[in-house]
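Everything on this sheet refers to the single structure shown next.
Heavy-atom basis, side chains included; hydrogens, waters and symmetry copies ignored. The first residue in the sequence is number 1, and the count goes up from there. Please read these numbers as outputs of a predicted model, since none were measured by experiment.
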Amino acid sequence: MTTLVFGHKNPDTDSTGSPIIWAWYLNQIKGVEAKPVLLGEPNTEALFVLDHWDLEKPEIMTDLAADTPVVIVDTNNPGELPANINDADIRGIIDHHRLVAGLETRGPIEINIQPLACTATIMYKMIGDDLAQAPRGIKGAMLSCILSDTLEFRSPTTTQEDTAIAHALAEDLGVDISAFAAEMFAAKSDVSAFSEPELLRMDSKEFDLDGTGLRVSVLETTSPAPLLARKDALMAAMPGVAKEDGAAQVLLFIVDILKEEATLLVPNDMVKQVAENSFGASVASDTVVLPGIMSRKKQIIPNLKL
């Protein structure tokens, strides 16, 4: 059977590019028939990356048949995967997030979880010298994933390995990192075609905080003004999204990539309490600016308190 390679729901650039990279490696280097798939529609930045590097958009998978061999990338959280993921034959996990319980495998598998900013950085290290055989698009996808997840090295999750590998790839490809990252972030910032519920789910993680289910959403942009202009509509959509997704509350952080700060929307007293207890913020309106906050993984989720 063909091995399916996929990342989490609501695919960003890393969860779109990394399945393509690893499926290429399995097919061309390891001799394993593999296919990249997605669990949802890619965001605007990921679509830009696919077009820029002339990569075919992977099929969006709606059903996962039992016993299908799979490799999971950019997550290990069952809540971000198909509901029947444990009916599949999980062959490998490559990730850079905290370990979450719940996945079951048929036998011993290779799991590579490293404290790096990007799954593609881990893949670069795993592929090693065989990357010399990769086509331009695969290397371009790697570079794009790293620049996206590190916010062009601004994110506190960035390591020296991420930076060095990105520069090595850029040199190989003849790419100006600053210019290319600016194009990527401009594509990410154009969310005018999306509804408020779509925006709330676009880059979102489910998180249980002392028994309270939260949907922690982040929108990274170089142009926060259009999003902030929709704050009333976004806050009005939060209760419906929370109810549909089985959460008590949606937290939305609008991250200004250039100013290196986040604005948290504050629709009610619960979120006000979270902002004050988690970040020491003083909340006087329906938004609060959090200087230096850019990473959900390293700065937001670990600090959340009710």
Looking only at heavy atoms, what is the nearest atom pair of [X] and [Y], with distance?
X	Y	answer
Lys57	Leu47	CD-CD2, 4.3 Å
Gly40	Pro11	O-CG, 3.4 Å
Met142	Met123	CE-C, 4.0 Å
Gly7	Leu81	O-CD2, 3.8 Å
Leu143	Leu169	N-CD1, 3.7 Å
Cys145	Gly17	SG-CA, 3.8 Å

Do side-chain atoms of [X] reach the backbone of [Y] as a donor and acceptor pair under 3.5 angstrom?
X	Y	value
Asp176	Ala179	yes
Arg91	Thr3	no
Asp162	Thr159	yes
Thr119	Asp95	no
Lys205	Ile301	no
Asp12	Glu45	no
Asp269	Lys272	no
Asp130	Tyr25	no
Ser278	Val274	yes
Ser148	Ser144	no

> Using the ring of each side chain (for Trp, its six-membered ring), is His167 parallel, tilted or perpendicular to Phe153, with breaks at 30° and 60°?
Replying inline: parallel

Distance from [X] atom [atom1] to [Y] atom [atom2], nearest 0.5 Å?
X	Y	atom1	atom2	answer
Phe6	Lys35	CZ	NZ	12.5 Å
Asn86	Glu104	CG	CD	4.5 Å
Ile93	Leu99	CD1	CG	8.0 Å
Glu152	Ile146	CD	CD1	13.0 Å
Ile85	Ile90	CD1	CD1	4.5 Å
Asn76	Ile113	CG	CD1	4.5 Å

If you define the side chain from C-beta out and look only at heavy atoms, does anything of [X] sit under 4.5 Å from [Y]?
X	Y	value
Val49	Thr16	no
His8	Leu39	no
Gln299	Leu290	no
Ile127	Ile29	no
Val100	Pro78	yes
Leu64	Asp87	no
Phe48	Thr13	no
Leu304	Leu251	yes

> If we ignore angles and hydrogens, is there a donor and acceptor under 3.5 Å between the side chains of Ser15 and Asp74?
Replying inline: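 Indeed, the side chains of Ser15 and Asp74 share at least one donor-acceptor pair under 3.5 Å.
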
> Without hydrogens or angle criteria, can the side chains of Glu110 and Asn112 be said to hold a donor-acceptor pair below 3.5 Å?
Replying inline: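 No, no side-chain donor-acceptor pair sits under 3.5 Å.
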
> Do other residues, nucleotides or ligands put more than 12 heavy atoms under 6.0 Å from the NZ atom of Lys305?
Replying inline: yes

Side-chain heavy atoms under 4.5 angstrom apart, residues restricted to Ile, Leu, Val, Met, Phe, Trp, Tyr: same cluster for [X] and [Y]?
X	Y	result
Phe180	Leu151	yes
Val5	Ile21	yes
Ile109	Trp22	no
Phe279	Met270	yes
Val191	Ile257	no

>> Could you go through Arg296 and Asp203, starting from their C-alpha distance and side-chain angles, then the distance that decides it, and tell me whether this counts as side chain to side chain contact (heavy atoms under 4.5 Å, CB included)?
In response: CA-CA 10 Å; Arg296 173 174 46 211; Asp203 186 356; 2.6 Å; yes

> Can you check side chain to side chain contact (heavy atoms under 4.5 Å, CB included) on Thr263 and Leu227, steps first, answer last?
Replying inline: CA-CA 10 Å; Thr263 298; Leu227 287 169; over 6 Å; no

> Is the shortest distance from a Lys or Arg side-chain nitrogen in Asp256 or Arg154 to a carboxylate oxygen in the other one below 4.0 Å?
Replying inline: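 Looking at Asp256 and Arg154, the cut-off is not met.
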
>> Arg230 vs Leu199, test: side chain to side chain contact (heavy atoms under 4.5 Å, CB included). Steps then yes/no.
In response: CA-CA 11 Å; Arg230 297 172 65 177; Leu199 289 173; 3.6 Å; yes

>> Between Met235 and Val266, does the side chain to side chain contact (heavy atoms under 4.5 Å, CB included) criterion hold? Intermediate values first, please.
In response: CA-CA 8 Å; Met235 290 190 291; Val266 185; 5.8 Å; no

Enumerate, atom names and distances included, each donor-acceptor pair closer than 3.5 Å involving a side-chain atom of residues 217-224, sequence neighbours excluded.
| residue | atom | partner | partner atom | Å |
| --- | --- | --- | --- | --- |
| Ser217 | OG | Leu200 | O | 2.5 |
| Ser217 | OG | Ser204 | OG | 3.0 |
| Glu220 | OE1 | Lys188 | NZ | 2.7 |
| Thr221 | OG1 | Ser189 | OG | 3.0 |
| Thr221 | OG1 | Ser223 | N | 2.8 |
| Thr221 | OG1 | Ser223 | O | 3.2 |
| Thr222 | OG1 | Ser189 | OG | 3.1 |

